[in-house]
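Take a look at the structure below.
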Amino acid sequence: MKLKVVAKVFGSLIPVIIGSYLLVKDYIARANHPEWSVSPIVMWVKFGVGLIVSIILLFVVFRQKN
């Protein structure tokens, strides 16, 4: 039972992990080549979308009845 819950939590956190990866990747690209990079607002929007999707998935997963 507990393994199922842990799997659900990690599965729901995948979008925020991807958003964090994209944020760090864009910041590194901005530090190396500022002329080629996207604006900081776009970087944070990517992270924010991942965070919002993760929160929604957590609510959906834990509101389901067994």
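Predicted model only: the values in this text are computed from it and were never measured.
- Residues V5 and V60 do not share a hydrophobic cluster, clusters being chains of Ile/Leu/Val/Met/Phe/Trp/Tyr side chains in contact below 4.5 Å.
- Separation of atoms CZ (R30) and CD (E35) is listed at 10.5 Å; rounding is to 0.5 Å.
- Within 6.0 Å of the CZ atom in F62, the count of heavy atoms belonging to other residues, nucleotides or ligands exceeds 12.
- A search for side chain to side chain contact (heavy atoms under 4.5 Å, CB included) contacts involving L23 returns Y27, M43, W44, F47, not counting sequence neighbours.
- When all heavy atoms of P15 and G11 are compared, the pair lying nearest together is CD-O, 4.1 Å.
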Please tabulate, for the side chains in residues 50-58, all donor-acceptor contacts under 3.5 angstrom to protein atoms that are two or more places apart in sequence or on a different chain.
unit_1, atom_1, unit_2, atom_2, d
S54, OG, S12, O, 3.0
S54, OG, V16, N, 3.0
S54, OG, G50, O, 3.1

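- Hydrophobic clustering of Ile, Leu, Val, Met, Phe, Trp and Tyr side chains at less than 4.5 Å, counting indirect connections, unites V61 with L13.
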